[in-house]
Asker: 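So that we are looking at the same thing, I have put the structure below in structure tokens.
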Amino acid sequence: MASLDSVSIAILLGSVLVMAGILSSLLALRFGAPLLLVFLFIGMLAGDSGPGQVRFDDFHTTYLVGSVALALILFDGGLRTRFQSIRAVLAPSMVLATAGVLLTAMITAPVARYALDLNWAEALLVGAVVASTDAAAVFLRLRPRVGATLEVESGTNDPFAVFLTLMLVELISVGESSPLHVALEFGREAVLGGIIGVVGGRLVVLALNRVALPQGLHAPFVTTAALVIFGAAQIAHASGFLAVYLAGIIVGNQPTRAHNSVVTFLDAATWLAQIVMFVLLGLLVSPQRLGGSVIPAVAVALVLMLVARPLAVFLCLAPFRFNWREKIFIAWTGLRGAVAIFLASIPMLVGLSKAYLYFDVAFVVVIISLLLQGWTLAAAARRLHVALPRGERGPRRVELDLPGQLEQQLVGYSVRPKSLYFRRGLIPSWSKPTLVIRDQHILSPAEADPIAAGDYIYLLAPPEKAEALDRFFVDMPPSSAPDPHLLGDFMVSGEHTLGELAEIYGVKVDAEQANLTLSDYFDVHLDHAPKEGATLQLDPIVLVARSISGGRVNVVGLRLPEEQEEAAPLTGMVKFRRRLAELWSSVAGI
């Protein structure tokens, strides 16, 4: 009976944790801080040093759970990453994910060496364990360039941190390793991991769209496939973490069946994975053992957050056009969490001397990072003007598996009086209005014409494009008081073509220019080298140069008019410049 009672208690506690994990996502969204800290203390209370008296020291299980959890977290991150939004920030993100991690570890190492009485290899291992960052800004709406940079960095710095940690563990345990060997190992793991990830992602897309799985099995299939890709890469001595992240990007950027249900399922899975990791960390922590190392660990944490991370960020971003506000925010957004837990278990798994010291330092760093950085990110984003206003709750999306084609999503919106759809009638050509709800009556679009403010309209759209509908149904800010830190209402990559812009916004574009990219459009129509803030008119839309790289516009802001008929009359100077631009366009086309 006692064993049955213990099983029942375990089921009860596990169910409570699952329920708390589901609810914590809503609380974290509201308060802007990661509530995984709660589960850390739950694990401590349940451990042998707390009232729960549960003895747990199985580091093999911790490593196994950590590997699965981190693989799912990275796959989910890749699945949510839109390749179009990261192309402009790929170079700075990769520099932060590699050189940034190495610099952070190297700057932290001297403090760890003298504060913890370690040799240089052991001190560098401490730095490597805590050098990578988690997706700290997941609950914040940030400027596109800043948000995309942090998103890509947090997904790609984990594989490098894992590699660096494993190399240092090998160096400490074996005692010899040449720089050439390390470089060759890193190159082989990265290249092979990239190949496995891309091929695996394409196979998952092919299977999703070709195999008629029963309803509800798409999400478990994709989740299992992600773990298969991770395991295959690890067995091949490649970077499984890089492979699974790239596979997520491939799957997330291709039209597939059940995209929305896959994302929803993985969102829940990654939340539960992080909860399990934090509970395990809490079970492994011994408050009595922390007594002798807590002060040196606090010193390591403070130097890491206030010196090492900022210095690494400013050095890595020096070649790129980030302003000082963006650099400061990126430097402060170095939240430590699940990855540090996973890396700290590796020295304990292989039985290194002072293994508990690495684990205790990682624990203190995670605690301080969650408390200081986690609770101040939202305020820092607002103060540094990198945050966007929080929008209303997103629309409800329903997937429809229609015969003869991939799923469509039925997306519902409330028609707002200041939205683009209501004021200008803009709607993408790839979306189809299907029904309107007015005064609790269901109407067809023809019966409801004209649409009134306060109606609810439901549209069919491809899953990969459905989120692009959101911008047409939110209130636009008054043009008389634009945000001085945002050039344009929306921002898009300069690699988009005029034809794509015309398809979404309904602007008129000459057929000969439809394949012209926005970057090329600036090159053709500006009579001088492009600078940030330069504008060009495109039918009723004003294109604003948001970011310049290599002498070309790589991010473009779209400034949309409040009312089409309120457009200001053209001045003589504007007409003159337009004629010059047309002349230059005709000359350039010869």
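Since this is a predicted model, take the numbers as computed values, not measurements.
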Asker: What's the separation between atom CZ in F186 and atom OG in S239, rounded to the nearest 0.5 Å?
Answerer: 8.0 Å

Asker: With rounding to the nearest 0.5 angstrom, report the CG to CZ distance, L74 to F230.
Answerer: 9.0 Å

Asker: Measure from the side-chain N and O atoms of D267 to the backbone N and O of V263, and report whether any donor-acceptor pair falls under 3.5 Å.
Answerer: no

Asker: Is V198 close to R202 at the side-chain level, that is, under 4.5 Å between some pair of heavy atoms?
Answerer: yes

Asker: When you measure from the side chain of Q373 to the backbone N and O of W332, does any donor-acceptor pair fall under 3.5 Å?
Answerer: yes

Asker: One pair to check against side-chain contact (heavy atoms from CB on, under 4.5 Å): L208 and H218. What are the steps and the verdict?
Answerer: CA-CA 7 Å; L208 272 176; H218 297 91; 3.9 Å; yes

Asker: Could you walk me through whether D360 and V364 pass side-chain contact (heavy atoms from CB on, under 4.5 Å), step by step?
Answerer: CA-CA 6 Å; D360 293 342; V364 174; 5.7 Å; no

Asker: Is any side-chain heavy atom of E170 less than 4.5 Å from a side-chain heavy atom of L166?
Answerer: no

Asker: Rounded at 0.5 Å granularity, tell me how far OG1 in T104 sits from CG in N157.
Answerer: 9.0 Å

Asker: Partners of E153 by side chain to side chain donor-acceptor pair (under 3.5 Å), sequence neighbours excluded?
Answerer: R309

Asker: Check whether any side-chain heavy atom of L459 sits under 4.5 Å from a side-chain heavy atom of K432, and report yes or no.
Answerer: no

Asker: What heavy-atom pair brings A236 and L192 nearest, and what distance separates the two atoms?
Answerer: O-CD2, 3.5 Å

Asker: Any heavy-atom pair between the side chains of Y458 and V411 that's under 4.5 Å?
Answerer: no

Asker: Surrounding OH of Y456 (heavy atoms of other residues, nucleotides or ligands, distance under 6.0 Å), is the total greater than 12?
Answerer: no

Asker: To the closest 0.5 Å, what do you measure between CG (L72) and CZ (F265)?
Answerer: 9.0 Å

Asker: Write out all pairs satisfying side-chain hydrogen bond (donor to acceptor under 3.5 Å, both in side chains) with one or both partners inside residues 186-196, taking only residues at least two apart or from two chains.
Answerer: E185-R188

Asker: Please report the closest heavy-atom contact between I229 and A247, naming both atoms and the distance.
Answerer: CD1-CB, 3.7 Å

Asker: Calculate, to the nearest 0.5 Å, the distance between atoms OG1 and CG belonging to T270 and L79 respectively.
Answerer: 10.5 Å

Asker: Should S431 and L460 count as side-chain neighbours, where that means a heavy-atom distance under 4.5 Å?
Answerer: no

Asker: Would V211 and F221 count as a side-chain contact (heavy atoms from CB on, under 4.5 Å) if you check the C-alpha gap in whole Å, the side-chain angles of each, and the deciding distance to 0.1 Å?
Answerer: CA-CA 11 Å; V211 180; F221 168 78; over 6 Å; no

Asker: How close do F320 and A91 get, heavy atom to heavy atom, and via which atoms?
Answerer: CE2-CB, 3.8 Å

Asker: Is a side-chain N or O of Q234 found less than 3.5 angstrom from the main chain of G240, in a donor-acceptor match?
Answerer: yes

Asker: Nearest heavy-atom pair of A362 and A344: which atoms, and what distance?
Answerer: CB-CB, 3.6 Å

Asker: Take V129 and V361 through the side-chain contact (heavy atoms from CB on, under 4.5 Å) test and state the conclusion after the steps.
Answerer: CA-CA 9 Å; V129 166; V361 170; over 6 Å; no

Asker: How close do T149 and F322 get, counting heavy atoms only, and between which atoms?
Answerer: OG1-CZ, 3.6 Å

Asker: For residues T333 and T133, determine if any side-chain heavy atom of one lies less than 4.5 Å from a side-chain heavy atom of the other.
Answerer: no

Asker: Considering only residues two or more places apart or on different chains, which pairs with a residue in residues 213-240 satisfy salt bridge (charged side-chain N to carboxylate O under 4.0 Å, His left out)?
Answerer: none

Asker: Would a 4.5 Å heavy-atom cut-off, applied to side chains only, mark L168 and L164 as touching?
Answerer: yes

Asker: Distance-only, no hydrogens or angles: does the S93 side chain make a donor-acceptor pair with backbone N or O of L90 under 3.5 Å?
Answerer: no

Asker: Can you name the nearest heavy-atom pair linking S67 to F241, along with the distance?
Answerer: O-CE2, 4.1 Å

Asker: For N209 and T256, does a side-chain donor sit closer than 3.5 Å to a side-chain acceptor?
Answerer: no

Asker: Could you grab the distance from atom CD1 of I457 to atom OH of Y413, nearest 0.5 Å is fine?
Answerer: 10.5 Å

